[in-house]
Amino acid sequence: MKPAAMAAGGLGVVLVMVIASLLGLDPKKVQQVMNGPGANGGKGGQVENRKLSPEEIRSRDFAATVLAFTEEVWDEQFRKNGEKYVPPRMVLFADAVATGCGNAPSAVGPFYCPADRTVYLDPTFFAELRKNLGGSDAEFSQAYVIAHEIGHHVQNLLGYSEIVDRKRQTESKEEFNRWSVRLELQADFLAGVWAHHGQRKFDFVEKGDIDAALTSAKAIGDDRIQQNSRGFTSPESYTHGTSAQRVKWFRLGLQSGDMSKLSDLFELPYEKL
Ligand SMILES: [Zn+2]
């Protein structure tokens with residue numbers, strides 16, 4: 001990513017604060033978000049006292065910066081539709097964490113809990129990305145991952161999450177998985193829409209960033225993961241979509257920036273996704 005955006009990774013908290021101020025956010029709020037309730041193993045209301053490792057500080061500051069960028073973009077997109085964007089909370093956790101969606105073990109990977117409207121980030125996941133992709137390439141991939149989770153928050157606000165949640169009761173496991181794929185691809189699409197508008201506002205994307213994000217999208221496709229972990233794939237068990245689908249929808253969001261395409265994910269025949 002470009003210096004302004006990636007500064008969070010290198011220069012730390014001061015720059016995050018500067019960026020937050022430039023964006024008109026309350027810098028104190030950004031910090032609170034990152035150390036807020038839930039960060040301390042879910043003992044709500046407490047602020048984490050533990051000394052953070054440099055790696056954790058880097059992840060925290062980076063995530064806070066990306067969060068600020070997402071607030072700017074989604075605030076504008078919602079306002080355009082006459083709606084109000086309510087930002088999610090974000091919690092960085094190192095050990096197991098109690099959430100509104102139950103207990104999450106560490107190393108579960110980043111996730112969003114609709115019940116408490118919170119994005120939970122596990123910094124070991126970021127360390128993993130850095131290890132696999134290398135420094136600057138990892139930056140935009142991390143941003144993509146966070147933007148995907150914020151995408152789930154946007155879906156929650158717009159009612160899409162609830163539609164799929166209700167299917168859990170009424171549909172077979174196989175059919176429910178297909179709805180899960182729709183929801184996940186929609187979150188990828190939203191991550192792309194965010195990058196599209198974020199780029200126009202902040203010019204934060206550098207050559208190569210998009211390729212890195214696409215590489216990540218490819219790496220976390222169900223077919224790729226199943227093939228790598230057990231040597232064969234079973235499409236009826238897919239819950240997030242294939243590598244090709246994830247790349248396709250992220251790219252569509254990125255190129256169009258068009259929120260009106262959002263419903264396509266729920267209306268197109270499954271085979272057309
Ligand atoms: Zn997801």
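Counting starts at 1 for both ligands and their atoms, following the listed order. The first residue in the sequence is number 1, and the count goes up from there.
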Return the set of residues passing ring pair (Phe, Tyr, Trp, His ring centres under 6.0 Å) with H153 (not counting sequence neighbours), or none when no residue passes.
Y85, Y112
Contacts of the Zn ion (ligand 1) with protein N/O/S atoms, counting only those under 2.8 Å
H148 NE2, H152 NE2, E184 OE1
Aromatic ring centroids of F266 and W179 under 6.0 Å?
yes
Do the side chains of R178 and E236 get close enough for a salt bridge, i.e. N-O under 4.0 angstrom?
no
Pairing of K261 and D264 as salt bridge, 4.0 angstrom limit:
no
Is the distance from the ring center of F250 to that of F189 below 6.0 Å?
no
Fit a plane to each ring of F111 and Y120, take the angle between them on a 0 to 90° scale, and name the class: parallel (under 30°), tilted (30 to 60°) or perpendicular (over 60°).
parallel
